[in-house]
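Worksheet: one structure, shown below.
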Amino acid sequence: MIKITFPDGSVREYAKGITPLQIAESISSRLAQDILAASVNDAEWDATRPINEDASIKLFKWSDTEGKHAFWHSSAHLLAEALQEMYPGIQFGIGPAIENGFYYDVDPGTAVIKESDLPAIEKKMAELAARKAELVRQDITKEDALKMFGDRGETYKCELISELQDGTITTYTLGSFTDLCRGPHIPSTAPIKAIKLLSVAGAYWRGDEKRKQLTRIYGITFPKKKELDEHLALLEEAKKRDHRKLGRELELFMFSQTVGQGLPLWLPRGAALRDRLEQFLRKIQKRYDYQQVITPHIGNKQLYVTSGHYAKYGKDSFQPIRTPEEGEEYLLKPMNCPHHCEIYKAFPRSYKDLPLRFAEFGTVYRYEQSGELHGLTRVRSFTQDDAHLFVRPDQLKDEFLKVMDIISIIFKALKFDNFEAQISLRDPNNTEKYIGSDENWEKAEAAIVEACQEKGLNAKVEYGEAAFYGPKLDFMVKDAIGRRWQLGTIQVDYNLPERFELEYTGSDNQKHRPIMIHRAPFGSMERFVAVLIEHTGGKFPLWLTPDQVVVLPISERFNDYAREVAAELAANDIRAIVDDRNEKIGRKIRDNELKRIPYLLIVGEKEQENREVSVRKQGEGDLGVKKITTFAADLVQEVEQMVNNSVI
RNA sequence: GCCGCAAUAGCUCAGUUGGUAGAGCACUGCAUUCGUAAUGCAAAGGUCGCGGGUUCGACUCCCGCUUUCGGCUCCA
């Protein structure tokens, strides 16, 4: 007998060799039906795999992440089985479960799998799933595995096997398809009832662009058709919040083929919104003793040779601008830091001057790969809400904490609650690719980790993700369909102060090297606005939105009064427009609701007589009548409250 | 940059084995002067992304390019 401990701490005895599924049956047959996978002593475990020693177990259902994971992983095998039947000779790479669904990377040889082929593959999968075949686990020696996959000509699998430790290799067989796999899997394909293959894409083998590009097929499956339908409906809803679509509809920004790829043009409404975001940050930065600077959009090539960026990125950037002068070359600036370093250098600096904080909304130009461009989130010209802080080593942590405060103020003000924080540190096994002394790196990394702890920030630590010049803390926010984008960033830099030979005179009257912190709470104005659009669905906070109020005259007879109202609101710094089209009031309401204007003021005979407006709030309907002056005062107060609550 | 999809009026999209294009909305004009999510009528609007080829004839088939979209790689 063996002792099985359950998550609630209770212990029961079972015969040796019992499976999690049998344990579930011993509790209730209903539970047994729902079990997809398990963990045994925190190791992932098939529901049908025997347990031979005392263990603590967890049982996973569809409602558990681990359950979904096994379900989708098995679905990937089902996809592979279908592909194997439909495309003889197809080779398989890897096929894992992902956050929402699964994919399989395959090499179909000379065949091409297109999006239009997906329905047929789905059909085949459904057919195979209906056989309710079991997924059978088997231990296999390295030698046998190499022979088995080698005989089938599976070069990708053989490459994977050759890197595995003998004795740890397992395969799973589903119908006619046997795959190298660690598991765990669901007991059989029986619960896979709803299947949708979403897209095909290219993906380099092992993520290496120098190796062959395989065909990646993305899909998702569910135990119930209803859940699939709901998932697809959710994706449809998300598409409506796509910033590229809303950017056009709300007249915020555009692109022009003639201007060039990835070069956004901000329309009046978008520019106004962006400007308000900038003013908002300027105000905060002023409180934190930042000083605004302004630097040109180009810089002498030598500047970037000094910074080291030319050597690293020169070839893949916009190429130098030549002048009539022989040998003279300028680069569009890909970042603002070198310019700010020169400002630092312009005067002798004392330890009493530090920290120095130079801020600039600096537009930079980077030649991003064409395939990587994406709406406003990945562009070739963008404006960083940049600042460079020059600090003494003893000020590093404190200054880091202050930057975190600024980011926190902004995220709170714009209700970005679901951000993820990531600390990027050196790859401990490959320290030579980083610049700077071990001692400095260790200090800086420790400072970031401690700062996060002090702030109670739950940050994920990623090794090997640091920039070559220093560790960093990034804030990531998801877009409408779950893609992660880096917004705020704080980076410690020992490299540039070194390269630019920045100095300050210490209290000991000796020269010392300052540490530099790069930081951008928004990240870039472009990306931030993009994510903001997707988060709000275009319903921006009242203080930020382009048009706060639209006045809707009932008929043309009241156009003059409507304009008077708008003028009075404008006198109170309220952004109001008039919809004086010759349309019925119902039509005007509909159109302006769709434009997401927060307040609609309807004016007709009654309102004109009493100097009133009939107030309607976006999405909430009629709020009744108010005096113009009252409405204006209320709105001004609403905006002030928003700003005061967030900027303290 | 790579793999795959795509590109038709300002926008969203039809266009059925190749016979030189159509709708709704928007825009414009006229009528209407209206009370809380779409008033009616009319007119106008397209080098079917660009370039080449096949063909008597190409929006449609083929090739190249540009751009977009889904991914991959990259992201100072």
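Residue numbers begin at 1 in each chain, while the letters A, B, ... track the order of the sequences. Note that the structure is a prediction, hence the values are computed from the model and not measured.
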>> Is it the case that the base of B:C74 and the side chain of A:Arg378 share a donor-acceptor contact (distance under 3.5 Å, atom types as modelled)?
In response: yes
> Do A:Gln319 and A:Tyr367 have side-chain N/O donor and acceptor atoms under 3.5 Å apart?
Replying inline: no
> Are A:His374 and B:G71 close enough that a side-chain N or O sits under 4.0 Å from OP1 or OP2?
Replying inline: no
>> Check A:Lys245 with A:Glu249, please: is the shortest side-chain N to carboxylate O separation under 4.0 Å?
In response: yes
> Quick one: the side chain of A:Gln261 and the base of B:U67, do they pair up donor-acceptor inside 3.5 Å?
Replying inline: no
> Hey, is A:Arg211 close enough to A:Glu159 for a salt bridge, meaning N to O under 4.0 Å?
Replying inline: yes
> Taking A:Lys196 for the side chain and A:Thr221 for the main chain, is one N or O donor matched with an acceptor at less than 3.5 Å?
Replying inline: no
> Using purine N1 to pyrimidine N3 plus N6-O4 or O6-N4 for Watson-Crick, or N1-O2 and O6-N3 for G-U wobble, both under 3.5 Å, which nucleotide pairs with B:C41?
Replying inline: B:G29
> Hey, does the side-chain of A:Gln213 have a donor or acceptor N/O within less than 3.5 Å of a partner on the base of B:C2?
Replying inline: yes
> For A:Arg581 and B:A31, what is the distance between atoms CZ and P respectively, to the nearest whole Å?
Replying inline: 19 Å
>> Counting only side-chain heavy atoms from C-beta out, which of B:C34, B:C3, B:U39 sits nearest to A:Ile554?
In response: B:C34
>> Given B:U36, B:G71, B:A76, identify the nucleotide with an atom nearest to the side chain of A:Tyr218.
In response: B:G71
> Hey, does the side chain of A:Arg244 come within less than 4.0 Å of B:C69's phosphate (OP1/OP2), counting only N and O?
Replying inline: yes
> Atom NZ of A:Lys472 to atom C1' of B:A76: distance rounded to whole Å?
Replying inline: 9 Å
> Out of B:A37, B:U33, B:A76, which nucleotide sits closest to the side chain of A:Ser555?
Replying inline: B:U33
> Between A:Arg616 (CZ) and B:A37 (C1'), how many Å, whole number?
Replying inline: 6 Å
> In whole angstrom, what separates A:Leu373's CG from B:U66's P?
Replying inline: 13 Å
> Whom does B:A21 pair with, Watson-Crick or G-U wobble, provided both distances fall under 3.5 Å?
Replying inline: none
>> What I want to check is whether an N or O donor and acceptor connect the side chain of A:Glu607 with the base of B:G35 at under 3.5 Å.
In response: yes
>> For the residue pair A:Gln384 / A:Asn336, report whether a side-chain donor-acceptor contact shorter than 3.5 Å exists.
In response: yes
>> Can you see whether A:Phe92 has A:Lys157 sitting over its ring - NZ or CZ less than 6.0 Å from the centre and within 45° of the normal?
In response: no
> Expressed in angstrom and rounded to an integer, what is the separation of A:Lys210 atom NZ from B:C3 atom P?
Replying inline: 17 Å
> If you take atom types as modelled and just measure distance, does the side chain of A:Ser370 reach the base of B:U67 with a donor-acceptor pair under 3.5 Å?
Replying inline: no
> Contact class for A:Tyr469 vs. all strands (heavy atom < 4.0 Å): base, sugar-phosphate, or nothing?
Replying inline: sugar-phosphate
> Is any side-chain N or O of A:Arg483 closer than 4.0 Å to OP1 or OP2 of B:G70?
Replying inline: yes
> What nucleic acid atoms does A:Ala203 come within less than 4.0 Å of, heavy atoms only: base, sugar-phosphate, or nothing?
Replying inline: sugar-phosphate
> Would you say the side chain of A:Tyr367 and the base of B:G1 hold a donor-acceptor pair, judged only by whether the two atoms sit under 3.5 Å apart?
Replying inline: no
